[in-house]
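Read the structure below first, then the notes.
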Amino acid sequence: QVQLAESGGGLVQAGDSMRLSCTTSARTSGRYVMAWFRQAPGKEREFVAAVRWNEGTTYYADSVKGRFIISRDKTKNTGYLQMNSLKPEDTAVYSCAAAPGVITSATYSERSYTTWGQGTQVTVST
């Protein structure tokens with residue numbers, strides 16, 4: 001089974017940029033979808049973005065559309081979340097997730113994903 005490992009979290013100021021990485025333990029097949037979710041203290045985990053590994057089709061939550069960019073590098077078995085114009089409300093633990101064969105309508109649901117990384121803290125100060 002594929003394992004995921006995130007990196008790149010930390011503390012930044014509002015307006016700054018940060019890139020998160022999610023590296024898979026094995027070559028990821030084209031059927032996989034990789035997604036990023038986040039969970040702020042006292043809140044439920046929410047969808048951030050997803051990318052279809054083979055086609056590169058992307059999906060975004062409205063709250064990050066236009067500021068965040070999800071991508072993947074097949075040669076490095078790594079997905080990325082480029083976060084720009086960060087806001088204090090972006091503060092959360094960010095987790096990457098993956099699963100094969102996720103249909104479009106289920107892309108935004110955490111229940112669609114079978115493999116999760118350990119999460120990385122992103123803190124945006126004012």
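The residues of the chain are indexed from 1 along the displayed sequence. On a predicted model such as this, the values are computed, not experimentally measured, just so you know.
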Which of these passes side chain to side chain contact (heavy atoms under 4.5 Å, CB included) with W36: V64, L81, V51?
->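 One option only clears the test, and that one is L81.
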
Would you mind telling me which of I69, I70, L20 makes a side chain to side chain contact (heavy atoms under 4.5 Å, CB included) with Q82?
->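 Only one of I69, I70, L20 forms a side chain to side chain contact (heavy atoms under 4.5 Å, CB included) with Q82, namely I69.
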
With the 4.5 Å side-chain cut-off for hydrophobic clustering, are M34 and Y80 part of the same group?
->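 No: no chain of side-chain contacts under 4.5 Å links M34 to Y80.
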
same_hphob_cluster(V48, V12) at 4.5 Å side-chain heavy-atom cutoff =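 Yes, V48 connects to V12 through the hydrophobic network.
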
Take a 6.0 Å sphere around [atom1] of [X] and say whether it holds more than 12 heavy atoms from other residues, nucleotides or ligands.
X	atom1	value
E89	CD	yes
K76	NZ	no
Q121	CD	yes

May I ask you to test the R38-E46 pair for a side-chain heavy-atom distance under 4.5 Å?
->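 Sidechains of E46 and R38: in contact.
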
Do the side chains of S125 and L11 get nearer than 4.5 Å, heavy atoms only?
->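 Side-chain contact under 4.5 Å: yes.
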
Closest heavy-atom pair and its distance - [X], [Y]:
X	Y	result
Q39	K43	NE2-O, 3.1 Å
Y108	Y60	CE2-O, 4.1 Å
S85	D90	O-OD2, 4.4 Å
Q118	A5	OE1-CA, 3.8 Å
G79	W53	N-CH2, 4.0 Å
S17	N84	OG-OD1, 3.0 Å

Between K65 and D62, is there a side-chain N and carboxylate O pair less than 4.0 Å apart?
->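 Between D62 and K65 there is a salt bridge, with a charged N closer than 4.0 Å to a carboxylate O.
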
Sidechain-backbone polar pair: [X] side chain, [Y] backbone, donor-acceptor under 3.5 Å:
X	Y	answer
R52	T57	no
R31	P100	no
T91	V124	yes
T78	K74	no
E6	G119	yes

What distance do N77 atom CG and T24 atom OG1 have between them, rounded to the nearest 0.5 Å?
->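 Rounded to the nearest 0.5 Å, the CG-OG1 separation comes to 4.0 Å.
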
Residues forming a ring-ring contact (aromatic ring centres under 6.0 Å, His included) with F37, sequence neighbours excluded =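 F37: ring-ring contact (aromatic ring centres under 6.0 Å, His included) contacts with F47, Y113, W116.
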
